[in-house]
Amino acid sequence: MTMPYALPVMQETTYDVNGKKIFVAEAGDGPALLLLHGGGPGASGVSNYVRNIGALAKEYRVIVPDLPGYGRSTKGVDGSDPFGYLADHIRGLLDELGLDKAHMVGNSYGAACALRLALDTPGRLDRMVLMGPGGVGTTRALPTAGLNSLLDYYRGEGPSRLKLEKFIRNYLVFNAADIPDSAIEERYRASIDPEVVAAPPLTRPSGPGAARTVWRMDFTRDPRLKRLPVPTLVMWGAADKVNRPSGGRMLADRMPDCDLYVAANTGHWVQFERAELFNRMCADFLAGHR
């Protein structure tokens, strides 16, 4: 039986970052902690972390942006370097917030954003938690069925509620019944925003520079990974059908300060599917208790 999760009262602010609008919801006091959401159709910050914000806000200043391309933030992402584009805007958001450093938690696309930001400017992060990050070993195997479902959402006949429900129930989570119909409907409505349809934030690289983009988007090809000093906890669902759980071992083998936890009977959404476990481990790790 799923426990109820109550969101705290959150302050909402829109910041101007590199000429783009970034929407942020905030709650709690303490060390700054950014929660960066995944890249599935219709995703947004608060909806991605609805089961975590209340628990983490007891100890941290929890900052939940809508990533560029999503929610109430400016639409569009630079397809030639999407992870770099997201990282640049989250770094710019830190500047707007007056934060020299912060903890970062990222899920999937948001985890790729956090990892790229850490590689480019490691001094801006205290500690980092990554759940099923994108961009790990992606040039070493064909895309999963779940990732293909995500990337094909705006292709072919275009977006539909049926396509989104199939992605969420068949690929995103281990237990399809854990996702209420209302959540799917909310995400579907967000996914068909005309600005999003015109410029989907997560697509297959294409065009003359596609090969370079694909290579750059695989963190296991980046030599900086072996020197990254940021203490990192990687959490991965053992039944993740979007990003292969073997990516966790790839990161742990390459990163000098990386703990790895693989959650049984869990899909791509560890922070949602195993919220109590995630909240406890995340708070302990960020507080320096390993």
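Residues S73 and D66 have side chains that never bring a donor and an acceptor to within less than 3.5 angstrom of each other. In this model, a donor atom of one side chain and an acceptor atom of the other lie less than 3.5 Å apart for Y153 and S191. Under the 3.5 Å distance criterion, with hydrogens and angles disregarded, a donor-acceptor pair is assigned to the side chains of R91 and T121. For R221 and T139, the side-chain atoms include at least one donor-acceptor pair closer than 3.5 Å.
Under the 4.5 Å side-chain criterion, counting only non-hydrogen atoms from C-beta, I53 is in contact with L35. In this structure, the side chains of R116 and L86 stay at 4.5 Å or more apart for every pair of heavy atoms. Here the side chains of I184 and R161 are in contact, with some heavy-atom distance below 4.5 Å. In this structure the side chain of D240 never reaches within 4.5 angstrom of the side chain of Y171, judged on heavy atoms. With contacts defined as side-chain heavy-atom distances shorter than 4.5 Å, the pair S149/N170 does not qualify. Side-chain contact between R254 and T220 is present, with heavy atoms from C-beta onward closer than 4.5 Å. Proximity of H268 to M131: side-chain heavy atoms (C-beta onward) are nowhere separated by under 4.5 Å. Two residues are said to be in side-chain contact when any heavy atoms from C-beta on lie closer than 4.5 Å; L151 and T203 fail this criterion.
A salt bridge is defined here as a Lys NZ or Arg NE, NH1 or NH2 lying under 4.0 Å from an Asp or Glu carboxylate O, and D152 with R204 meets this definition. No salt bridge links D29 with R61; every basic N to acidic carboxylate O contact stays at or beyond 4.0 Å. A salt bridge does not link D100 with R124: none of the charged nitrogens is closer than 4.0 Å to a carboxylate oxygen. Using a cut-off of 4.0 Å between Lys/Arg side-chain N and Asp/Glu carboxylate O, E185 and R189 are scored as salt-bridged.
Both tests hold for R51 against F272: distance to the six-membered ring centre under 6.0 Å, angle to the ring axis within 45°.
One finds the CG atom of L117 at 8.0 Å from the CG atom of D88 (value rounded to the nearest 0.5 Å). To the nearest 0.5 angstrom, C282 atom SG is 9.0 Å from H103 atom NE2. In this structure, OG in S44 is found 6.5 Å from CD in E186, a value given to the nearest 0.5 Å. The distance from the OH atom of Y70 to the CD1 atom of I22 is 12.5 Å, given to the nearest 0.5 Å. Distance NZ/K241 to CG/L150: 15.0 Å, rounded to 0.5 Å. From E96, atom CD reaches atom CG of N18 across 8.5 Å, with rounding to the nearest 0.5 Å.
In this structure, the ring of F83 has its center less than 6.0 angstrom from the ring center of F219. Between H37 and Y49, the distance from one ring center to the other does not fall under 6.0 angstrom. Aromatic ring centres of Y85 and H89 lie closer together than 6.0 Å.
Between the side chain of S80 and the backbone N or O of D78 there is no donor-acceptor pair closer than 3.5 Å. At least one donor-acceptor pair under 3.5 Å links the side chain of R127 to the backbone N or O of F285. T144 places a side-chain N or O within 3.5 Å of a backbone atom of V242 that can act as its donor or acceptor partner.
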Using the rule given for side chain to side chain contact (heavy atoms under 4.5 Å, CB included), can you reason through L94 versus L34, listing the C-alpha separation, both sets of side-chain angles and the distance that settles it, and then say yes or no? CA-CA 9 Å; L94 291 180; L34 271 70; 3.9 Å; yes
Pair V24-E12, side chain to side chain contact (heavy atoms under 4.5 Å, CB included): steps then yes or no: CA-CA 6 Å; V24 173; E12 298 183 347; over 6 Å; no
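The cluster map of Ile, Leu, Val, Met, Phe, Trp and Tyr, joined by side-chain heavy atoms under 4.5 Å apart, puts W215 and M250 in different clusters. In the hydrophobic clustering of ILVMFWY residues, with side-chain heavy atoms under 4.5 Å counting as a link, L115 and V214 come out apart. No continuous path of hydrophobic side-chain contacts links F23 to L97 [ILVMFWY only; heavy atoms under 4.5 Å]. Neither F174 nor M281 shares a network with the other; the hydrophobic side chains, linked directly or stepwise wherever heavy atoms of I, L, V, M, F, W or Y lie under 4.5 Å apart, form separate groups for each.
Within 6.0 Å of NZ in K166 there are 12 or fewer heavy atoms belonging to other residues, nucleotides or ligands.
Minimum interatomic distance between L172 and R187 (heavy atoms only, all atoms of both residues): CD2-NH1, 4.2 Å.
By the side-chain contact (heavy atoms from CB on, under 4.5 Å) test, K21 pairs with T14, D16, T74, sequence neighbours left out. E59 pairs by the side-chain contact (heavy atoms from CB on, under 4.5 Å) definition with nothing, not counting sequence neighbours.
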